[in-house]
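Let me begin by presenting the structure, written as structure tokens, before commenting on it.
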2 protein chains.
Amino acid sequence: MLSYTEENYLKALLKLSFQNEAKPEAGTNEMAAHLGVKPATATDMLKKLKEKELVNYKKYGKILLTDSGKQQAIAILRKHRLWETFLYEKLDFSWDEVHEVAEQLEHIQSNKLVDKLEEFLGFPEFDPHGDPIPKANGDMPKVEKILLSEVKEGEVCWVVAVKDTSTVFLQYLEKLEITIGTPIKVLERIDFDGSMSIQISDQEARNVSMKFAENLFITLHQR
Amino acid sequence: MLSYTEENYLKALLKLSFQNEAKPEAGTNEMAAHLGVKPATATDMLKKLKEKELVNYKKYGKILLTDSGKQQAIAILRKHRLWETFLYEKLDFSWDEVHEVAEQLEHIQSNKLVDKLEEFLGFPEFDPHGDPIPKANGDMPKVEKILLSEVKEGEVCWVVAVKDTSTVFLQYLEKLEITIGTPIKVLERIDFDGSMSIQISDQEARNVSMKFAENLFITLHQR
DNA sequence: AACATTTGTTAGGCAAGTCTAACTTTTATA
DNA sequence: TATAAAAGTTAGACTTGCCTAACAAATGTT
Ligand SMILES: [Mn+2]
Ligand SMILES: [Mn+2]
Ligand SMILES: [Mn+2]
Ligand SMILES: [Mn+2]
């Protein structure tokens with residue numbers, strides 16, 4: 001049985017491994033920053049997790065989840081995303097409110113609970129932010145998605161997920177009437193600053209910054 | 001913000017205060033037993049809770065919740081019972097399974113969550129064990145209920161709650177097809193050992209022990 | 001009232017998780 | 001390649017919640 005804290009470290013390592021497809025290992029400072037603790041604290045915990053064979057780790061070396069560690073991390077992510085879906089679908093939370101509460105709910109220990117919850121929600125495939133929900137066996141649909149910033153002029157695409165999940169960004173999206181599934185047409189790309197002119201659904205043309213375009217995941221084939 | 005552990009101590013004190021209507025104060029040993037810790041540990045925590053003005057407490061004296069402490073304890077009980085209701089009504093948990101998971105869920109911090117949950121459940125008044133669910137303002141319907149062991153021969157009554165909520169007892173009740181609302185007629189009381197002959201719904205007469213009759217709450221006026 | 005039993009407290013210690021400050025190793029740069 | 005910067009580790013300390021063993025107070029019994 002893992003502690004609440006140990007679970008958070010495993011989940012952090014999993015999330016960091018998603019960031020660079022190519023190199024799934026993480027650094028101590030990176031981890032500590034992600035968890036809001038000091039690097040010294042992260043080192044302490046890594047030694048404990050290594051002892052439990054949840055991470056592969058050597059002094060000054062790369063940090064990687066073991067198979068067992070990854071499996072447990074995925075189980076936590078599964079709970080997180082199912083709870084987010086519950087809050088959003090059933091309790092009318094907005095998509096910028098779900099994360100904070102799911103951070104707590106993801107630590108509830110009960111296999112029956114998570115499986116029943118999934119059934120109650122109708123076996124959803126994606127959470128409110130468009131992220132895939134792992135199945136009970138650990139399978140997680142690999143979603144093909146690119147950033148809005150990579151779309152060529154004239155192309156139409158559909159929003160599938162958000163990269164940044166901060167409240168400011170999510171509320172900005174809401175103001176723009178952008179949600180998962182919204183179609184966007186790229187009208188013009190401005191090389192000068194990476195901003196672009198886009199058409200959201202049937203709205204009038206509007207300019208968005210490079211930072212914006214680099215935080216919205218889209219797909220070119222409607223899902 | 002209270003810790004998970006502090007919350008459990010407050011809830012324990014509230015529960016103990018319900019046990020003897022007349023004297024709502026608790027003892028250190030009693031508390032420790034209820035929480036599965038040693039008396040020395042309870043003393044330590046009482047000093048901390050006193051510091052936070054959640055309990056009135058003097059060395060070797062009686063232990064009582066302050067108004068603030070009681071208010072917080074009721075909020076936790078409210079969450080516990082709402083979650084039990086959710087598990088029972090929406091996720092198909094049986095009434096002996098809900099408690100363990102609700103023990104964890106009751107510590108989730110989010111006022112919005114608990115209020116939305118209550119609304120989602122249709123503002124239930126009682127949990128699956130027949131216990132009243134406190135309202136957001138702390139109001140808790142005082143339920144008039146007596147023990148089956150107090151019912152006179154020939155009288156009919158209705159099950160309103162269980163005193164013992166252990167798995168063995170709840171599963172025995174299920175086997176007897178007794179649930180909240182089931183009518184019971186007391187056919188005969190045996191003075192020798194306190195057992196009684198009862199009729200459950202329209203079933204045949206059956207004998208139950210004194211221990212049984214002292215753990216089932218009933219009312220004489222159908223609810 | 002004296003003694004015995006029950007109840008409650010104190011002292012000292014331990015594990016988990018965190019920190020700061022000092023140190024070491026690795027990596028980047030001149 | 002020598003040095004500077006960044007990344008990572010260690011040592012020692014603190015807090016919370018728990019324990020055991022010894023002690024003190026309150027209560028019950030003759
Ligand atoms: Mn989230
Ligand atoms: Mn999410
Ligand atoms: Mn319960
Ligand atoms: Mn209950």
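Every chain is numbered from 1 and lettered A, B, ... according to where its sequence line falls, protein lines coming before strand lines.
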What is the separation between atom [atom1] on [X] and atom [atom2] on [N], rounded to the nearest whole Å?
| X | N | atom1 | atom2 | answer |
| --- | --- | --- | --- | --- |
| Glu30(B) | dT27(D) | CD | P | 15 Å |
| Glu7(A) | dG17(C) | CD | C1' | 15 Å |
| Tyr9(B) | dT16(D) | OH | P | 14 Å |
| Glu6(A) | dA15(C) | CD | C1' | 12 Å |
| Met45(A) | dA16(C) | CE | P | 9 Å |
| Lys48(A) | dA15(C) | NZ | C1' | 8 Å |
| Leu49(B) | dT9(C) | CG | P | 13 Å |

Could you run through nucleotides 9-15 of chain D and give me one letter per nucleotide, 5' to 3': B if any protein heavy atom sits under 4.0 Å from the base, S if only the sugar-phosphate is that close, - if neither? BB-----
Phe212(B) and Phe169(B): aromatic ring centres closer than 6.0 Å?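 Close enough - the centres of the two rings lie under 6.0 Å apart.
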Does a side-chain N or O of Ser3(A) approach OP1 or OP2 of dG17(C) to a distance below 4.0 Å, or not? yes
What's Tyr4(B) touching, base or sugar-phosphate or nothing? Going by heavy atoms closer than 4.0 Å.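 Here Tyr4(B) touches no strand at all.
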Any salt bridge linking Glu118(A) with Arg78(A)? Criterion: basic side-chain nitrogen under 4.0 Å from a carboxylate oxygen.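 Looking at Glu118(A) and Arg78(A), the cut-off is met.
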